[in-house]
Every structure is written in C-alpha cells, then in structure tokens.
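This report refers to the structure that appears directly beneath it.
Proteins get letters first, then strands, A, B, ... in listed order; numbering begins at 1 in each.
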There are 2 protein chains.
Amino acid sequence: MASDDQGVDLLWGARDKPARPPRLALTVDRIAAAAIEVADAEGMASVSMQQVAARLDVTKMALYRHVASKAELVAVMIESAVGEPPDLGAVPGGWRPRLVAWSDLMREAWRRHPWLPAATTGERMTGPREVGWTESAVAALDGTGLDGGERMDAVFLLSGHIRNTQSGATAGTQPWTAEKQLRTILHEHQDRFPALHEAARSTNGAPRDNGWTFGLDRILDGIEVLIERRRAGTTG
Amino acid sequence: MASDDQGVDLLWGARDKPARPPRLALTVDRIAAAAIEVADAEGMASVSMQQVAARLDVTKMALYRHVASKAELVAVMIESAVGEPPDLGAVPGGWRPRLVAWSDLMREAWRRHPWLPAATTGERMTGPREVGWTESAVAALDGTGLDGGERMDAVFLLSGHIRNTQSGATAGTQPWTAEKQLRTILHEHQDRFPALHEAARSTNGAPRDNGWTFGLDRILDGIEVLIERRRAGTTG
DNA sequence: ACACCCAGTGTCCGACGGACACACAAGTAT
DNA sequence: ATACTTGTGTGTCCGTCGGACACTGGGTGT
C-alpha cells in the first residue's frame, strides 16, 4: 500500500502538504474492482451491496452515490471484467482462424471471471467494450459473402456456445455433467434410458471439455458449409 | 372465504353430508401447478414461497411440509413443465429430421413456459423427464457412427442453442437484440463499430428469429459434415 | 376416552435492495 | 470572517426474501 510511504512523508517531511485524503476517494472504478474481487472469490451470489461496501470499509449506501442501482453496478463489473476487445487483424488464415482466436480470448476472459456467463444473461445494459467484442467477431466474417444478419447470427451462435460450455454456470445443465450421482442413476435406470446408457458406455476416453471443442468444430464447420455454398453461387 | 357458505350450510341444511374437506388437500402437484401459474404469468422472479402460498390460500410455511426448499420446488416445477419426452421413432428420414422434430417440440414446451430457459441453468437437480428428453435426442443419433461422447456433445450443443435463442431470457444477451436504443447507439458510434454498423445495414429484411433458424441449420450442417467424414472412413 | 400424529399457523431471524433524512467537510460568495 | 451551497458518506427505516421452530387443532387408532 502507498499509505506507508505517505506515513513516512508525514513523519520526515512534506508536512506542509497537510492532510492527504486519509481514505481513498470512492469511485466507480474502485467499487467495480471490489465487486469483481467478491465475485471472483465467492461467486456472483455473494455480490451484495453490503459485501462490496464492507470490502471498501464503507456503508452500503455510500455506493449509491456512485451507482444508481445494483443492476448498474453489475453492468460496470461486466464492462470492466470483459476487458478490451481484441484486434484480430494480425491473425492470418481468414475468418476461421480469426474466430478460433476470438473464441479462445473470450473463453480466457470468462475463465478468469467465472461469474461472467451467468451475469451476462437476461435483459440488461450493454457497454461499449462488450459491443466491441461483438464488433471484433463480426469483422472477422467480413468478406465471407454472408450478409449482415447472418454474420451477426453466426457470432451470436458462437458466443452462446462459449457461454453454455463455460465454467460451471450452465455446465450442470446437461445431465451427464453432474457426473457422479447421475452416472449411478443412469446405471440404475439403464432400461429407461438405453441410448444414454449406451452412449455413456461407448464414450471413448477423450478428455471431457464440456463439449467445447466438439461444439466449436461443428459450428465452424457449419458456417464453412454455408460460406462455400454461397461462394458456389447457390442461394440456399 | 368459503367458511361463510359452510356456516350457512351447517345452519340450514346439508347437515348429513358432514364435513367435506373444506379446502383441497395440499400436495406437491398442486404446489407445483400454482408455482408454474405464477411463473407463467409474472416471471420466475415473482415465484416466491409467499406468492405461491398465497395462490393456494395457505401460509408459506405450509409449503415446507411438502417441499424441502425453494430449490426443490423449482426442480419440481421444471420436471412438471417440460412434459413427457417425445418418442421420435415415427419420424422418417433419419437423424436430421428427428433432431429437427425434437428441437421444435422442445422449443414449443419452452415457449409455453418462458421461464424454463432461465430456470434450467446452473447447478441443480435433474429429474427423469428432463433426462428423458436428452435420451430421446441421443437416441436420434443412433447409427450415425458418432461415438457416445460425440452424440452427447451434439445434443448438448443443440439444446444449448435452444436455450440461448429462446424467449427473451438470454435474448438480450447480444447487443443487436436490444433493438431500439442499441440501434441508435450503433448509429452514433458507427465509426467505432464499423463492421457491426455495416452488418446492421446490410441485413436483408428477413424476419428475425433471434438466430434460431440460422444456428439450427449451422449446427446440423456441422454435425452432418462430421457424420459424412466418419462414414468416409477419415478419422478426423 | 385417550393419546398420538401431522398438516397448517404464527412468529422470529438474518440478509437483501433501496428510500430518505441527516452530518460534515470543502469551496465560494458576500 | 461568515453564511450558503454542494458533494459524500452515515444511520435508520421499510418491505420482501428463504427458512427455523414452536405451536395448535382436527382426525384416527386404540
């Protein structure tokens, strides 16, 4: 902390610069940073006005001088946590490697903040950085022959897949991710769910990644099919 | 209150039909039905123990005689709302029409209960009907040459896309769905988001469906590519 | 007649988001 | 110097949430 340095200054000199504000001024950025710390450490459910305020040694109502509501606080958290959107201009190889790079970057950002997938669902405000990420991905599809709506749908499809596979939030959504008890249930009711039972049995030992790689490859293959079809002149 | 009527009945007649249970017995099914009514009408946010109890003319604590917690109530709601999983055996044309039919049915069930997408995220209990829906979709991929893990990943991909595109819950996730104000923001900052601006401009007037059709076609195309590749004997 | 059982009630708790009035400092105008 | 404003954090209060716990009143089995 810089306050120690300040203390030395106060003792040995610079006495004339009298009372530097003893506590850091409360700002939106400091509030967002504290909220992100709470969310990273204890999950989105623990992000309450009082928890965040406590981390700043401040009353919860003090926060309302800087954010209008909890929703706004969350919006600021998101905008801060997603980080600057990437510039994919330097990625060689066309749209597909570009989208792969974009996905990896987005996944990495979301991995650092596991609460992001959950926080970015539902009606809410959208900030410029978030739009910037979308811009970046849509730009990666420039020159593919897809029209604007298709490019945006493709990005939506891809980012939705990232959210779905990312970090536990929606990971429990599908039965086979609850591993232990579900595996036993599936075993007990194998007569009722024969296809699932057989699928669980015949899964080769490949490391599970929540369907991330599989889905990414399928989505990109599907987009590629469409692009090729367009390039070949077929309207379908 | 019906107690007044009962009082009259008790005074003036029908004395022999003594005390028909004056209120319907509280059961898990009635509780779940009431909760679903609340959720359908006013959204998942309005589903509180007191709201549900009020609809049944009962104290909230009475509900706890039948469900252990709110999470369990929600689990029962889901299990009841998803309905019986479909039998796709009669759908002709192989795996692809089968998955399309499955998707349509699932979408329809979720359209009837717009809170389902939001309620089925996160760690939670999974009921037999929900597993049954998955079973149904995985079974549709029998005989495609995909291994068990791939079949399950494919179903996860598809159902994730349904959730993402369904009914407003995550619909606001992507910037262009917030339509009005975003369109103006995009217009004001067109220098900052040129690709998005150009995409919004060049979108042909096709009716927007939140990317549902586009994503479905891409996903199925992508799966088809993999199946064909397997059939051709390539290991990739 | 009796005790037992148990579904539903009443009351209480801590945590939540938020409204509102206040305290208290730092300018700024007089 | 003195008053007025302005901006920032505090204290108190409210309604709602999920849930614990003790109670009660109407059956039923003996």
Q.
I'd like to know if the side chain of A/Arg107 and the backbone of A/Ile162 have a donor-acceptor N/O pair within less than 3.5 Å.
A.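 Judged by distance alone, no pair lies under 3.5 Å.
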Q: Classify the side chain of A/Lys70 versus the base of C/dG18 as yes if they form a donor-acceptor pair under 3.5 Å and no if they do not.
A: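 Counting by modelled atom types and ignoring angles, no donor-acceptor contact under 3.5 Å is found here.
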Separation of [X] atom [atom1] from [N] atom [atom2], in whole Å?
X: A/Glu72; N: C/dG17; atom1: CD; atom2: P; result: 15 Å
X: A/Met44; N: C/dA15; atom1: CE; atom2: C1'; result: 17 Å
X: A/Gln50; N: D/dT12; atom1: CD; atom2: P; result: 15 Å
X: A/Tyr64; N: D/dT12; atom1: OH; atom2: P; result: 18 Å
X: B/Gln51; N: D/dG15; atom1: CD; atom2: P; result: 16 Å
X: A/Glu42; N: C/dA15; atom1: CD; atom2: P; result: 14 Å
X: A/Leu56; N: D/dT8; atom1: CG; atom2: P; result: 16 Å
X: A/Met49; N: D/dT10; atom1: CE; atom2: C1'; result: 15 Å

Q | Pairwise 5' ranking along DNA chain C for B/Ala62 and A/Ala71, keeping only the more 5' one | A | B/Ala62
**Q.** Heavy-atom pair of closest approach, residues A/Arg55 and A/Ala34
**A.** CD-O, 3.8 Å
Q: Establish, with yes or no, whether the OP1 or OP2 oxygen of C/dA15 is under 4.0 angstrom from a side-chain nitrogen or oxygen of A/Ser48.
A: no
Q: Describe the nucleic acid contact of B/Val47 in one word from base, sugar-phosphate, nothing, applying a heavy-atom distance below 4.0 Å.
A: sugar-phosphate
Q: Look at all strands and tell whether A/Met61 reaches a base, only sugar-phosphate, or nothing, counting heavy atoms closer than 4.0 Å.
A: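 The residue A/Met61 makes base contact.
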(Q) For B/Arg151, is there an ion pair with A/Glu198 - N to carboxylate O distance below 4.0 angstrom? (A)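 A salt bridge is present here (some side-chain N lies under 4.0 Å from a carboxylate O).
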Q: Run the numbers on B/Thr120 and B/Arg163 for side-chain hydrogen bond (donor to acceptor under 3.5 Å, both in side chains), then give the verdict.
A: CA-CA 9 Å; B/Thr120 51; B/Arg163 188 197 340 279; 3.1 Å; yes
Q. The side chain of B/Lys60 lies closest to which of these nucleotides: D/dG19, D/dC17, C/dG17?
A.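 Ranking D/dG19, D/dC17, C/dG17 by closest atom to the B/Lys60 side chain puts D/dG19 first.
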Q | Closest to side chain of B/His66, choosing from C/dA7, D/dT10, D/dC17 | A |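 Minimum distance to the B/His66 side chain belongs to C/dA7.
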Q: Take the angle between the ring planes of A/His187 and A/His197 and call it parallel below 30°, perpendicular above 60°, tilted in between.
A: tilted
